[in-house]
Amino acid sequence: MGYGPRYPETYRQRARMIAKILRGTNPADIPVEQPARFELVINLAAAKAIGHEIPAELVLRADQVIE
């Protein structure tokens, strides 16, 4: 199970910051941005292999389920 930022969105955020720098903005003037969206990924096959049962409510909330 993993919970973290959506990496494609994080890369787009970085690209916007780099574009600002290339256009002449001072890096010190660019505010720090934190990820706004996160995703929950559950690997049911790995959980089953170690004998752990994931509650159905949590599986329903997951953005991605690996079976």
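All values derive from a computational prediction rather than experimental measurement.
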For this session: For the pair Asn26 (side chain) and Asp29 (backbone), establish whether a donor and an acceptor sit closer than 3.5 Å, ignoring hydrogens and angles.
Result: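 Looks like no, no N/O pair under 3.5 Å.
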
Exercise. Between Glu67 and Val65, is a side chain to side chain contact (heavy atoms under 4.5 Å, CB included) present by the stated rule, with each step listed?
Worked result: CA-CA 6 Å; Glu67 297 199 39; Val65 178; 4.0 Å; yes

Exercise. Considering only heavy atoms from C-beta outward, does the side chain of Ile66 approach that of Val41 to under 4.5 Å?
Worked result: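 A side-chain contact exists here, since the closest heavy-atom pair is under 4.5 Å.
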
Exercise. If we only count heavy atoms from C-beta on, is the Thr10 to Arg14 side-chain gap below 4.5 Å?
Worked result: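 Yes. Closest side-chain heavy atoms under 4.5 Å.
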
To the nearest 0.5 Å, how far apart are [atom1] in [X] and [atom2] in [Y]?
X     : Y     : atom1 : atom2 : answer
Arg23 : Thr25 : CZ    : OG1   : 8.0 Å
Gln13 : Gln34 : CD    : CD    : 9.0 Å
Glu9  : Arg37 : CD    : CZ    : 5.5 Å

For this session: Provide the full list of salt bridge (charged side-chain N to carboxylate O under 4.0 Å, His left out) pairs with a residue in residues 46-57, sequence neighbours left out, each pair given once.
Result: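 Qualifying pairs: none.
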
For this session: Taking side chain to side chain contact (heavy atoms under 4.5 Å, CB included) as the test, write out the residues that go with Leu40, two or more places apart.
Result: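 If we apply the side chain to side chain contact (heavy atoms under 4.5 Å, CB included) test to Leu40, skipping adjacent residues, the hits are Met1, Tyr3, Ile42, Leu58, Ala62, Asp63.
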
